[in-house]
Number of protein chains: 2
Amino acid sequence: MAQTDTRTRILDAAERLFAERGFSGTSVRAVTEAAGANLAAVGYHFGSKADLMAAVGRRVIEPITAAQGAALDRLLDGVPEPSVAELVEAFARPLFDDESESGGESGSESGSGGEAGSARRSRLIVAILVDPAEEMHGWMGAAEEAVQDRYLAAFTRALPGITPEELVFRTRGILAVMAVDRIGGRTQPPAAGEANRRWALTFLAAAMSAPPTGPAR
Amino acid sequence: MAQTDTRTRILDAAERLFAERGFSGTSVRAVTEAAGANLAAVGYHFGSKADLMAAVGRRVIEPITAAQGAALDRLLDGVPEPSVAELVEAFARPLFDDESESGGESGSESGSGGEAGSARRSRLIVAILVDPAEEMHGWMGAAEEAVQDRYLAAFTRALPGITPEELVFRTRGILAVMAVDRIGGRTQPPAAGEANRRWALTFLAAAMSAPPTGPAR
DNA sequence: GTCTATAGAACGATAGAC
DNA sequence: GTCTATCGTTCTATAGAC
């Protein structure tokens, strides 16, 4: 098995390009050329560009959702009322990590390396979250919402003073902070992934634990 | 002056469409049709699609950068060492507000209203921050960096225990949280702009004030 | 300054040979 | 399953009439 499946090579290339350039900014031709495949292969294997995006998205989101759910199970199994910091870590860590995968599905880098491995998938997650194209996130399913609802309930117990609406805002804030290394000044070092993750957990634990916002003054 | 300038109508339409669909997702045709202008007018008034984006971006960013600088001046003029919450508010409020404009430049909504007025410009800012297309943010200038550096220095004095790198991360976190209402579940109410702003300030003041992240354990 | 018309390239999708 | 070839559309940009 010196060479990967064409279908998998297309998925890998599309994952990288969609993350880097967004959905509208990536052409099917660019994907197939990066994958060393034929233009028509996307139509054959996936049907359309939007269907390719859905396949790419599901491949990266599903194990993360599962890891988030498992982490919450583990947490609630240990203590009935986990701390805010523990909840933040359980929810956010699978969004950053790469190695949480156990199956033999991925593991081949198409080209000569590129990204350090980490921050590759998290970049696609960010792209999915912020891309305005409907095709980029329209395929998301009920499993993701169910896990988010479970975390919302756990955060509600850990932060009883916060209104449900504000808590929804804060939970979205966790996802927004994931986008931090995509933002603004080009000044950032390219491979600060590990430090970024630890800084983000500090940042988010404090933010989630903030006292409730008072009523409009 | 019953009718606005063609050039201004194009800027208004482009501002809305770039914010909603991103740079690659917006065609020049869509802009001119929304503006009630001719396709060739973009070439005549701006030169190219990328130049149009730069004009749109500068029009929205410049008054915000000026307001951020003025707010910091006002703050430092009152007290030599402002609090973290004061700095967050001074930096973030111009990013949310619409009414900080004093000139008579804008003020005409092309269609029948649409957005409530607020959150219209902040949506473009978010789009500028997260869009992967180089044309969406490549035009940003030194004025924005200078203001960010001034805030970075002020935050450094207010938070002496944080390393400069972590502080840069947190400052980017402020911008990332701006993107919160673009994220994920469609569940959000459409015009929650005012509540979102207050929740964001609470969230960010707590996040910025977090104790330093320890060295890697 | 505004328009029509079009050049020239890139796009997504697919028919059909192998 | 992989390829070539191409259809029909849409794109940005611009020449040139008014």
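Below, read A as the first sequence line, B as the second, and so on, with proteins coming before strands; counting in each chain starts at 1.
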- Looking only at side-chain N and O atoms, does A/Thr6 come under 4.0 Å of OP1 or OP2 in D/dG1? no

For nucleotides 5-11 of chain C, tabulate all protein N/O to nucleotide N/O atom pairs closer than 3.5 Å, reporting atom names and distance.
from	atom 1	to	atom 2	distance (Å)
C/dC11	OP1	A/Ser27	OG	3.3

Result for 5'-nearest mapping on DNA chain D, choosing between A/Ala41 and B/Gly47, is A/Ala41

Quick one: does NZ or CZ of A/Lys49 land under 6.0 Å from the six-membered ring centre of A/Phe23, within 45 degrees of the ring axis?
-> yes

Separation of [N] [atom2] from [X] [atom1] (nearest whole Å):
| X | N | atom1 | atom2 | value |
| --- | --- | --- | --- | --- |
| A/Ile10 | D/dC3 | CD1 | C1' | 13 Å |
| B/Arg7 | C/dG1 | CZ | P | 10 Å |
| B/Tyr44 | D/dA17 | OH | C1' | 15 Å |

Carefully, step by step, assess B/Arg21 and A/Asp131 under the rule salt bridge (Lys or Arg N to Asp or Glu O under 4.0 Å).
-> CA-CA 8 Å; B/Arg21 314 179 190 174; A/Asp131 198 297; over 6 Å; no

- Task: Answer with yes or no whether the side chains of B/Ser24 and A/Ser24 bring together a donor and an acceptor at under 3.5 Å.
- Result: no

Practice item. For B/Gln148 and B/Thr171, test the side chains for any donor-to-acceptor distance below 3.5 angstrom and give the result as yes or no. Key: no

field: Steps toward salt bridge (Lys or Arg N to Asp or Glu O under 4.0 Å) verdict (A/Glu15, A/Arg121)
entry: CA-CA 8 Å; A/Glu15 181 175 311; A/Arg121 311 215 128 180; 3.5 Å; yes

Evaluation steps, side chain to side chain contact (heavy atoms under 4.5 Å, CB included), between A/Tyr151 and A/Val88
CA-CA 9 Å; A/Tyr151 273 94; A/Val88 167; over 6 Å; no

Side-chain atoms of A/His45 come closest, of D/dT2, C/dG1, C/dA13, to D/dT2

